[in-house]
Amino acid sequence: MLDKPANLERGISFELNGNSFDVSAHPFDSLANTLRDHCGLTGTKIGCDAGDCGACTVLLDGEQVCSCLVATGQADGARITTVEVTEDAGLLGRLQGAFLNHGAAQCGICTPGMLMAATSLLAERPSPDRAEIEDALGGVLCRCTGYRKIVDAVLDVAGQGQAQVVTAPLPGEAVGARIPRADGLAKVDGSDRFAADVAPDGALWLRPIRSRHDRATFELGDLDAFVAGVPGLEAALTARDVPGHNGFGIFPHLREQPVFSEGEVRYRGETVMALVGERSVVDAIDVESLPITWSPEDAVTSIADARSASKRPVHEAHTDNVLIRGLVEKGDVEAGHAAAAVTASGAFSTSYVEHAYIEPEAGYARISENDPDRIEVLACTQAPYMDLEEVANVLGFSRDRVRIIPSACGGGFGGKLDVSVQPMLAVAAWVLKRPVRAVWSRIESMASSTKRHPSEISARMSADAEGMITAFDMEGDFNTGAYSSWGPTVAGRVPVHGTGPYHVPNVLNRSCAWYTNQCPSGAFRGFGVPQAAFAQETLLDDLALKLDIDRLEIRHRNAIRAGQQTATGQVLTHSCGLAECLEELREDWAGMLARCRDHNSTNPRIRRGAGVGCMWYGCGNTSMSNPSTMRVTLGANGRFTLYNGAVDIGQGSATIMMQICADALGVPMGAFDQIVGDTDLTADAGKTSASRQTLVSGKAAYLAGRDLRAKLLGMANVGEQATVKVGDGRIDFVEGDTRRSISLSDLADRTGDGDVLLEGTGTYDPPATALDEKGQGSPYATYGFAAQICELEVDMALGTVKVLKIVAAHDVGRAINPILVEGQIEGGIAQGLGMALMEEYVPGKTENLHDYLIPTVGDIPDIDIKIIEDPEHEGPYGAKGIGEPALVPTPPAILGAIRHAAGVTIRHLPALPHRVWQAIQESGATS
């Protein structure tokens, strides 16, 4: 049953961060595990355990190494440096400061590894150029930042770049200021605690046992006897152990995905049972020794399979394999096509795309120390209140018996909206009455988690002789996998956005989400909009070519403007910044086209091209209520505390909420503390997704600040123009010549609330309406708009593509923190580049970070960002979202540039070299 090596632990000594250190460890254990488990230095992260991601990078005798690949015995007598150096930090300390000031850390999971790699470089070469820095950092992957700010920070310390001068904004001037992240220090000094970094003493270890089949039935043998035969194994949990409903899902009526499967599995990676016990014992159990008898079946592996009746439906309740359909219809689409001067049509498809967050799923669960009838779950998550509902449902509890504590989250991008570890950890802790923890391996994270929906889209677009779009229609089919996840949201959002950010009088957009026996497809930065944008932007390029109109110009002519209707009949009244975005790009676009002409005149093999892509994105839930509530208090210590339920997964919401609330109160950010995400301490701020937190939770934070300010001003009997200052045990108010003070002790006597003297609350739910049977209505309060242009090279002999430059213009309403906005755009561009050129998840084949490729620092082009501020009246200080908009226009811009360079149209993503090469060969456009 066990495949356990002999206990060969021995004493190993090394110098660690300047101090002598002795540990008793197995010499073949990885140095990463020894540093974390024996030395308590969890700043060294483990993202893959295979040397692929570089998150575990430390210095071994001054050289950067992946500590997950170094046997602990090799470190005997060595000098080891990690990110936690505190004494005489020197070069590392300067790098940490630069990373903080430049916004080089977002989620922070890769930051220690980046810092170690940069430290090694600068210690050897104090004045490297950008190329040398990119080479030194090339072994560390980052999924959030797009790398540009990381390289800029290293250049700053090397004296080769522009230093970021950071000053604390004055009261009332935090919004719009370029200030570091409020939670940034912990990310650069290694003290931020991710879910794999913490666990209660004595916690048992949980290991899921997953299906290796796309589809199978199974029978379990005598598990009780198996457990009894393995000392140190406490339990083998199955569906019979789930106290409540053995199912979870995003929508209450679709809680169909089992915590533990009951006799049937529907995709590779589905959980059958969980082994719980001592970690060394559990990890050593041979899966083949488990009493499971498998009976594989023919699987529904594609949309074509799902449509056919040749195989048993994925779910008996959905005999046609259809999860849901979506529709938006306006005007007379056939008449619009008939009246047009030109029509373009085509079929487009995309593959699975993996989130590839560097932090695998992890967490722990325990019975509350203060109440034996409650359960607490700590996990990496984007949606703590959704987790709470799922755990309560699985345990059969009322909501008040569950507490969710979000850890620092090492990237999410939609993939940590669905629960992962949470339900089975809760079941294990409740059943065994012991704390239980789990950390997914990279392979099981990729095998079991949701993906971007593969799509098959057929679309048609027509325009008149002036290039004005007259009609658009599309049929979009999306592979939602074995379980529903966010399939209904994708099927609903795509028809709304299918026309792109243009005024189109006649529209017929239809979508369908299909069940298959593949990994569930969920939320991934755009909810299907990037797939639709690929189709619509390609067709718009077709029309421009047929009409001999410049590609940027045709977009400018059709850009939706204030006073015009969307495809759903919603009239936009303001904050429609696409036309301005395109105007900002005109000069750069002309320069790109000129450089391409000059280059191509003498370079037949390496051809240059330029492309343009546009987008729009509705901020928040589609046609649904999605409120947020924030609370801010004044404590007896004179500090303000923002109770912020909006989880920060790297995008910076923990910072901008404080900026917004501080300005609403009229006090400096330095007067604030913050509590984020804990469901016992914060109100429900909704999920961190759909580019909603800046708009929705930001407005709630604004209202909370205004509420507390009004109470303070009222107590002092001063007007709105008064300044407020808290310090030296009192609150001072100044309004012109009027000066008043209230002592905190007097206020405590008046309120009688102990540590909390006063509080303000704010709740905001953006206005939206349900869509009717034809998809007409106002599904969102506001939309983000953007345009990006791309310059690249195509090797006509090899089909390889190198992106040289992207210029991005984004209408964000108001940039609450320009550093964070730029970071989101750069990170979105990097993910969009990956989607366009390299990322293709194949179940069972690319379940690691060396077979599944994401962009490295060397893949990222020069990026120029132009922030457009067309204020949104609903948003806090005019702001709206940027998370999803950053990615959506990048693939179309890249594909348009490939077409301009090579004369071929790519219709399946990603545009891998062999696909580009094949298209070139078929077109006859070789060098």
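Just so you know, these numbers use all the heavy atoms, side chains as well, and skip hydrogens, waters and symmetry mates.
Judged by distance alone, with hydrogens and angles left aside, the side-chain atoms of H315 form a donor-acceptor pair with the main-chain N or O of A482 at under 3.5 Å. The closest donor-acceptor contact from the side chain of R442 to the backbone of G47 lies under 3.5 Å. One N or O on the side chain of E354 and one on the backbone of A356 form a donor-acceptor pair closer than 3.5 Å. At least one donor-acceptor pair under 3.5 Å links the side chain of S67 to the backbone N or O of C56. No donor-acceptor distance shorter than 3.5 angstrom exists from the side chain of Q831 to the backbone of I829, with no hydrogens or angles considered. Listed for the S351 side chain is a donor-acceptor partner under 3.5 Å among the backbone atoms of L909. Under the 3.5 Å distance criterion, the side-chain polar atoms of E376 are left unmatched by any main-chain donor or acceptor of R366. Here the side chain of R525 pairs no donor or acceptor atom with the backbone of G414 at under 3.5 angstrom. Without hydrogens or angle criteria, N246 side chain to V259 main chain gives a donor-acceptor distance under 3.5 Å. Using modelled atom types, one side-chain atom of H355 and one backbone atom of G415 make a donor-acceptor pair closer than 3.5 Å.
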Please report the C-alpha distance between N321 and T516 in whole Å, then the side-chain angles of each, then the deciding distance to 0.1 Å, and finally whether the side chain to side chain contact (heavy atoms under 4.5 Å, CB included) criterion is met.
-> CA-CA 7 Å; N321 288 317; T516 67; over 6 Å; no

I would like to know whether T72 and D29 meet side chain to side chain donor-acceptor pair (under 3.5 Å); could you show each step before the answer?
-> CA-CA 6 Å; T72 300; D29 279 350; 5.9 Å; no

Derivation of the side chain to side chain donor-acceptor pair (under 3.5 Å) call for H245 and N393 = CA-CA 6 Å; H245 175 62; N393 185 62; 4.6 Å; no

Worked check of side chain to side chain donor-acceptor pair (under 3.5 Å) between T82 and E84 = CA-CA 5 Å; T82 74; E84 289 96 344; 2.5 Å; yes

Could you please spell out the steps behind the side chain to side chain contact (heavy atoms under 4.5 Å, CB included) verdict for L141 and I358?
-> CA-CA 8 Å; L141 296 178; I358 305 303; 4.1 Å; yes

For side chain to side chain contact (heavy atoms under 4.5 Å, CB included), just list the numbers for W486 and S521, CA-CA rounded to whole Å, side-chain angles, deciding distance to a tenth of an Å, and then say yes or no.
-> CA-CA 7 Å; W486 291 92; S521 299; over 6 Å; no

So F218 and H213, side chain to side chain contact (heavy atoms under 4.5 Å, CB included) or not? Walk me through it.
-> CA-CA 11 Å; F218 65 90; H213 306 283; over 6 Å; no

Residues R268, S211; criterion side chain to side chain donor-acceptor pair (under 3.5 Å); working and verdict | CA-CA 5 Å; R268 174 186 167 86; S211 169; over 6 Å; no

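The shortest non-hydrogen separation linking C68 to D49 is CB-OD1, 3.5 Å. Minimum heavy-atom separation, D52 to C48: N-SG, 3.2 Å. Considering all non-hydrogen atoms of both residues, T271 and P208 come closest at CG2-CB, 4.0 Å. Considering all non-hydrogen atoms of both residues, F534 and S349 come closest at CE2-O, 3.6 Å. In this structure, R215 and A299 approach most closely via the heavy-atom pair CB-CB, 4.0 Å. Residue L425 comes nearest to R437 through the heavy atom pair CD2-C, 3.7 Å, listed as atom of the first residue, atom of the second, then distance.
Atoms CG and OG, on N848 and S445 in that order, are 11.5 Å from each other to the nearest 0.5 Å. From T42, atom OG1 reaches atom CZ of R193 across 3.5 Å, with rounding to the nearest 0.5 Å. L115 CG to I150 CD1: the interatomic distance, rounded to the nearest 0.5 Å, is 8.5 Å. Taking CZ of R452 as the start and OG1 of T350 as the end, the distance is 8.0 Å to the nearest 0.5 Å. Distance check: D387 CG to T381 OG1 gives 3.5 Å after rounding to the nearest 0.5 Å. In this structure, L206 CG and M424 CE are separated by 6.5 Å, a value rounded to the nearest 0.5 Å.
No side-chain heavy atom of D222 sits less than 4.5 Å from a side-chain heavy atom of P291. The shortest side-chain heavy-atom distance between F248 and Q257 falls under the 4.5 Å cut-off. Taking the side chain as every heavy atom from C-beta outward, E361 and S448 never approach each other to under 4.5 Å. At least one side-chain heavy atom of Q382 sits less than 4.5 Å from a side-chain heavy atom of K416. Looking at E456 and W514, their side chains never come closer than 4.5 Å, going by heavy atoms from C-beta outward. Within the 4.5 Å cutoff, the side chain of Q64 has no heavy atoms near those of the M116 side chain. A heavy-atom distance below 4.5 Å is found between the side chains of F226 and I285. Proximity of R255 to E390: side-chain heavy atoms (C-beta onward) are separated by under 4.5 Å at one or more points.
Between Y267 and Y483, the ring-plane angle classifies as perpendicular under the 30° and 60° cut-offs. Classified by interplanar angle (parallel below 30°, tilted 30° to 60°, perpendicular above 60°), the ring pair Y357/F413 is parallel.
A 6.0 Å sphere centred on CZ of F28 holds no more than 12 heavy atoms belonging to other residues, nucleotides or ligands. No more than 12 heavy atoms of other residues, nucleotides or ligands sit less than 6.0 Å from atom CZ of R212.
Between K187 and D648 there is no salt bridge, since no side-chain N of the basic residue sits under 4.0 Å from a carboxylate O of the acidic one. Using a 4.0 Å cut-off between charged side-chain N and carboxylate O, R143 and E839 make a salt bridge. The pair D851-K845 does not count as a salt bridge, with every side-chain nitrogen at least 4.0 angstrom from each carboxylate oxygen.
Relative to the six-membered ring of F194, K45 misses at least one condition, a distance below 6.0 Å or an angle of at most 45° to the axis. Cation-pi geometry between K451 and Y841 is met: under 6.0 angstrom from the ring centre, within 45 degrees of the axis.
Test I80, T57, V70 against V65 for side chain to side chain contact (heavy atoms under 4.5 Å, CB included) and you get one pass: V70. Screening E262, E270, E264 for a salt bridge (Lys or Arg N to Asp or Glu O under 4.0 Å) involving R266 leaves a single residue, E264.
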